[in-house]
Amino acid sequence: MKKIVISLLLFLLAAPSLSLAAEERDRDTAHQINALMNEALAKYHIPGASLAVVHHGQTVYQESWGTMSDGSAVTADTTFLIGSVSKPPTALAMMMLAEEGKLKLDEPIEAYLPWFTYQTDSGKSITVRHLLEQTSGIGAYDGMKVTDRQDRDREKGIAQAAAELSGVKLSHAPGEAYEYNSGNYLLLGAIVEAVSGQSFSAFMDTRIFSPLGMNHTSADYESAVSKGFVPGYRSWFGKPVKGDGLYDPSGAPYGYMSSSSGDLAKFIKFMLYGGELISEQGLKKLRTPPESNRRYGLGWHFPRSGEKYPYHTGATPEYRSELFIMPEHDLGAVLLMNKYHELEAVAYLSIMEGIRSIMKGEKPQLAEMNANTQWVTLGVIILFAAVAVLGFIRLRRKTVINKPLWVCTGALSLIIATALIPLFTYSMGISWRTVGLFLPDIAFLVQCLIAVLAVYGLLTVIFVAAKRNAS
């Protein structure tokens with residue numbers, strides 16, 4: 001008894017110092033995160049950002065920096081487009097409908113979208129699970145044709161886009177290969193509407209956002225605007241330039257939900273600890289890594305090596321997001337930013353990697369980011385332009401010219417100018433429209449190069465033809 005009393009007294013005496021030590025660790029962690037974020041925002045020229053970190057069931061860090069394009073200060077409730085971080089909530093919707101018996105994950109999608117057709121050399125059907133796991137066989141290029149567009153009806157956009165994708169020829173047999181493609185989640189959105197009898201936006205709001213208290217989250221344009229959505233920033237040579245606020249009315253299932261860091265912290269807590277929306281078994285399925293040779297599960301990426309945990313990055317032409325959960329560590333975080341460029345994506349990944357390092361007690365390190373590709377391309381254009389001008393001046397000064405040689409030179413320039421965009425998009429495996437959205441400065445520079453080649457080629461051919469007629 002005496003030992004118990006002594007132990008209790010020692011514990012009571014030590015408790016304040018233990019509490020102070022924990023508070024000191026929390027302050028040190030917050031200080032490190034602040035330092036990392038301030039360095040990242042300055043280094044990557046990001047106008048505004050918001051971060052929330054959840055640990056042991058609590059939001060242990062919540063901070064925002066900078067401004068939005070309308071001049072308003074970023075807060076925990078500020079609306080950002082979250083890009084492909086929209087896919088995990090869409091996957092949650094599918095799991096809810098599956099548990100309610102309204103769909104089966106291994107059922108062919110024709111059972112829910114009888115009007116949707118596709119061409120395949122195999123006898124296999126695309127299932128709901130294939131769409132969730134990005135193994136439907138629908139090629140990424142075909143998906144790009146119908147995504148990131150704002151020319152659709154705001155109420156029927158999902159059905160319109162899915163109808164445009166109908167008839168697609170599969171690049172692989174269903175279930176055979178992983179190929180990340182937002183068109184898969186577009187079709188999941190259409191299935192939600194078909195089996196629930198509600199619009200995708202209404203389903204997400206009434207069944208997921210409202211129950212989780214995500215009051216600043218939307219899955220349609222009008223609601224997003226009412227909650228503060230404004231244009232973000234595109235990146236030109238690394239510097240932010242205000243965009244036009246592109247919003248795809250058909251895009252909420254795969255990339256155009258809008259939310260705040262405060263709301264997504266609530267979503268993280270649900271994914272870590274569950275709730276009334278789905279069973280523990282259903283939640284476990286969402287968080288389970290895919291087969292060893294795959295890296296995408298039911299709405300989530302998983303690291304290729306090391307510890308397997310669910311995460312997702314997201315991007316629209318003007319916004320960037322990242323969210324992860326580590327159930328074994330009771331840890332999760334979300335980072336939202338209002339600037340994006342595809343060539344900066346790798347550098348942005350180092351921010352969240354730095355957050356994870358800090359939470360593990362390790363030293364963070366940010367990746368370098370530069371606009372070397374853009375500057376080199378600009379240099380090439382200037383060089384081509386200088387060579388073209390000098391070459392044409394030489395041509396005009398000559399009294400006797402090798403006409404076939406100069407005609408071939410001019411014709412070759414015209415051919416290269418005509419073929420440059422097809423060659424560029426084929427080599428990158430993306431559409432030219434996508435290049436313009438996610439690499440705007442590169443698209444502009446390529447067009448400048450085309451103009452230089454076309455003008456030089458045309459003037460050369462015309463001049464040689466005139467010389468021939470004169471002689």
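Being a predicted model, the structure only gives us computed values, none of them experimental.
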Would you say [atom1] of [X] has more than 12 non-hydrogen atoms from neighbouring residues, nucleotides or ligands within 6.0 angstrom?
X	atom1	answer
Tyr273	OH	yes
Phe424	CZ	yes
Lys169	NZ	yes
Lys239	NZ	no
Gln281	CD	no
Trp115	CH2	yes
Glu328	CD	no
Glu280	CD	no

Hey, does the side chain of [X] reach the backbone of [Y] with a donor-acceptor pair shorter than 3.5 angstrom?
X	Y	value
Thr147	Gly143	yes
Asp205	Ser201	no
Lys339	Val241	no
Arg287	Pro327	no
Thr90	Ser86	yes
Arg433	Met144	yes
Glu99	Ser279	yes
Thr67	Ala73	no
Lys227	Thr217	yes
Ser431	Thr434	yes

Would [X] and [Y] count as having a side-chain donor-acceptor pair, cut-off 3.5 Å?
X	Y	answer
Ser171	Glu179	yes
Ser235	Glu344	yes
Asp220	Tyr247	no
Asp77	Thr75	no
Ser261	Gln62	yes
Thr59	Lys266	no
Thr127	Asp106	no
Ser182	Lys87	yes
Asp248	Ser250	yes

Do [X] and [Y] come within less than 4.5 Å of each other through their side chains, counting heavy atoms only?
X	Y	value
Leu331	Ile325	no
Val74	Trp65	no
Tyr44	Ser350	yes
Tyr221	Pro249	no
Leu131	Ile191	yes
Asn181	Tyr141	no
Ser136	Ile126	yes
Thr377	Asp441	no

Using the side-chain contact (heavy atoms from CB on, under 4.5 Å) rule, take Glu318 and Asp244 through it: C-alpha gap first, then chi angles, then the decisive distance, then the call.
CA-CA 9 Å; Glu318 301 166 17; Asp244 58 7; 3.2 Å; yes
On the 0 to 90° scale, with breaks at 30° and 60°, tag the [X]-[Y] ring pair as parallel, tilted or perpendicular.
X	Y	value
Tyr180	Tyr296	perpendicular
Tyr319	Phe229	tilted
Tyr340	Tyr348	tilted
Tyr254	Tyr256	perpendicular

Could you pull out the closest heavy-atom pair between [X] and [Y], with the gap in Å?
X	Y	result
Asn215	Asp263	N-OD2, 3.2 Å
Val435	Ala443	CG1-CB, 3.9 Å
Ile46	Ala40	CD1-O, 4.3 Å
Ala162	Leu187	CB-CD2, 3.9 Å
Leu165	Asp142	CD1-O, 4.0 Å
Glu193	Phe200	OE2-N, 3.0 Å

How far does [atom1] of [X] sit from [atom2] of [Y], to the nearest 0.5 angstrom?
X	Y	atom1	atom2	result
Thr135	Glu291	OG1	CD	9.0 Å
Met96	Ile278	CE	CD1	8.0 Å
Leu36	Gln365	CG	CD	11.0 Å
Ser122	Glu176	OG	CD	8.0 Å
His341	Arg320	NE2	CZ	14.5 Å
Met257	Leu81	CE	CG	11.5 Å

Test side-chain contact (heavy atoms from CB on, under 4.5 Å) applied to His329 and Arg356, step by step
CA-CA 11 Å; His329 300 278; Arg356 284 190 289 269; over 6 Å; no
Working for side-chain contact (heavy atoms from CB on, under 4.5 Å), residues Leu343 and Gln374:
CA-CA 10 Å; Leu343 293 182; Gln374 292 93 316; 3.9 Å; yes
Could you tell me whether Trp300 and Tyr311 have their ring centroids closer than 6.0 angstrom?
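Centroid distance Trp300-Tyr311: not below 6.0 Å, so no.
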Electrostatic pair Arg152-Glu164, nearest N-O below 4.0 angstrom:
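Counted as a salt bridge, because a side-chain N and a carboxylate O are separated by less than 4.0 Å.
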Step by step, would you call Glu100 with Lys102 a salt bridge (Lys or Arg N to Asp or Glu O under 4.0 Å)?
CA-CA 6 Å; Glu100 291 167 10; Lys102 294 183 179 178; 3.7 Å; yes
Going through the checks in order, is the side-chain contact (heavy atoms from CB on, under 4.5 Å) test met by Met37 and Glu63?
CA-CA 10 Å; Met37 287 303 304; Glu63 189 59 75; over 6 Å; no
